[in-house]
Amino acid sequence: MGEKAGRRRPGPLAGLLVAVVVAAGCMGGGLDQGEPEQPGPRDSGRAASPGADSTRADGTTSVAEFKQDFSDAVGIAERYWTDRFRASGKQFQPIRRVVPYTRSGEVSCGGEGLPRNNAVYCSAGDFIAYDVNWSVGAFRQVGDAFLFYLLGHEYAHGVQVRLGIRYNYTIQQELQADCMAGAYIGDNVRSGTLTLAEGDLDEFREGLLAVGDDPNQPWFAEGSHGTAEQRTESFFRGYENSLDACGLG
């Protein structure tokens, strides 16, 4: 995935979010969740967290590309939400900063050190933080589209805070963020800002099916994100129908 005038065509999305995990944060203490830690597909035989030496065939390898793509994802999110807020007569304040880190506890949110292999939105400091080594490994294995989903999901949590949206259950917050991430990507594809290769959406759907909560996890449990079917449905509802489908009020 890339901007219309980007440097290269987007790579296929096969395996997106299948070999990738993001450790869960918690909804209290100013830390709003990213993705839950999930095993890979039952028959994949791959490690849950990709290593830096595991590289896709689409040539997505350089740290310079990673930095540029992540910067693109942040910039597009800022423009997207600024435009949406302006259209509703409101002013949007972009998330204050995006912070890479390399060590467990290097970055704290509300007094709680963030672990490795993680990406979260911290409402206490209004920032997104991510383990850069893990993110680069994921970028190399699953491609740049992962960054747009990851950034879109975390940015959605920041937007929820700005809109004063707070649900009783984690799963409600997370499925809405999936829908908002879908709208962010879908609307930018429709506007021509982002491009997708033929077949990418089917591959994206297959990837999303791999990241649902464990079947034995109660939907009301703290940290629940939804079943594979719920997450897929939420993302594509936003992708296809934009923000009107996400229950923002």
Mind checking whether I165 and Y169 sit in one hydrophobic cluster, side chains of I, L, V, M, F, W, Y counted as touching below 4.5 Å? no
Pairwise side-chain contact, W81 with M180, heavy-atom cut-off 4.5 Å (strictly under): yes
Got H225 and I171 here, is their nearest side-chain heavy-atom distance under 4.5 Å? no
Hey, could you give me each pair passing salt bridge (charged side-chain N to carboxylate O under 4.0 Å, His left out) that has a residue in residues 238-249? Not counting sequence neighbours. none
Value rounded to 0.5 Å, distance of CZ in R96 from SG in C122: 9.0 Å
From S104 atom OG to L114 atom CG, the distance as rounded to the nearest 0.5 Å: 8.5 Å
Less than 4.5 Å apart, side chain to side chain, heavy atoms only: is that true for D83 and F92? no
Test of understanding: with side-chain hydrogen bond (donor to acceptor under 3.5 Å, both in side chains), list the residues that count as partners of Q93, not counting sequence neighbours. none
Without swapping roles, check the side chain of S224 against the backbone of P218 for a donor-acceptor pair under 3.5 Å. yes
Flag for Y149-D178: side-chain donor and acceptor within less than 3.5 Å: yes
Residues in side-chain contact (heavy atoms from CB on, under 4.5 Å) contact with S108, at least two apart in sequence or another chain: none
Flag the pair F235 / C179 as yes when at least one side-chain heavy-atom distance between them is below 4.5 Å, and no otherwise. no
Once rounded to the nearest 0.5 Å, what's the spacing between atom OG1 of T193 and atom CZ of R79? 7.0 Å
Check ring-ring contact (aromatic ring centres under 6.0 Å, His included) between F127 and all other residues, then give those that pass, not counting sequence neighbours. none
Sub-4.5 Å side-chain heavy-atom contact between V99 and Y130: no
Closest non-hydrogen atom pair between E65 and S62, with its separation: N-OG, 2.9 Å
Verify side-chain contact (heavy atoms from CB on, under 4.5 Å) between Y101 and N118, making sure each step is shown before the conclusion. CA-CA 10 Å; Y101 64 93; N118 202 12; 3.2 Å; yes
Only one of V189, V159, L151 passes side-chain contact (heavy atoms from CB on, under 4.5 Å) with Y184, and that residue is L151
Report yes if the side chains of I185 and Y239 come closer than 4.5 Å at any heavy-atom pair, otherwise no. yes
Taking the side chain as every heavy atom from C-beta outward, state whether K90 and L163 have any atom pair closer than 4.5 Å. yes
Who pairs with E233 by side-chain contact (heavy atoms from CB on, under 4.5 Å), at least two apart in sequence or on another chain? R237
To the nearest 0.5 angstrom, please state how far the CD atom of E154 sits from the CG atom of L150. 5.5 Å
Would you call the rings of H157 and H153 parallel, tilted or perpendicular, taking 30° and 60° as the class edges? perpendicular
Classify the side-chain pair Y167/Q176 by whether it contains a donor and acceptor separated by less than 3.5 Å. yes
What one should report as the nearest heavy-atom pair of L175 and G226 is CD2-CA, 4.3 Å
Show the numbers, then the answer: is there a side chain to side chain donor-acceptor pair (under 3.5 Å) between D72 and Q68? CA-CA 6 Å; D72 288 347; Q68 185 61 59; 2.9 Å; yes
CG on N133 to CZ on R103, rounded to 0.5 Å: 10.5 Å
Going through the distances and angles, do T82 and E78 end up as a side chain to side chain donor-acceptor pair (under 3.5 Å)? CA-CA 6 Å; T82 296; E78 290 181 354; over 6 Å; no
Under the salt bridge (charged side-chain N to carboxylate O under 4.0 Å, His left out) rule, what pairs show up with a residue in residues 180-196, not counting sequence neighbours? R84-D187, D187-R190
One should read off an interatomic distance between Y80 OH and L194 CG, to the nearest 0.5 angstrom, of 11.0 Å
Looking only at side chains, do S234 and Q230 share a donor and an acceptor under 3.5 Å apart? no
When you compare the side chain of F148 with that of I76, does any pair of heavy atoms fall below 4.5 Å? yes
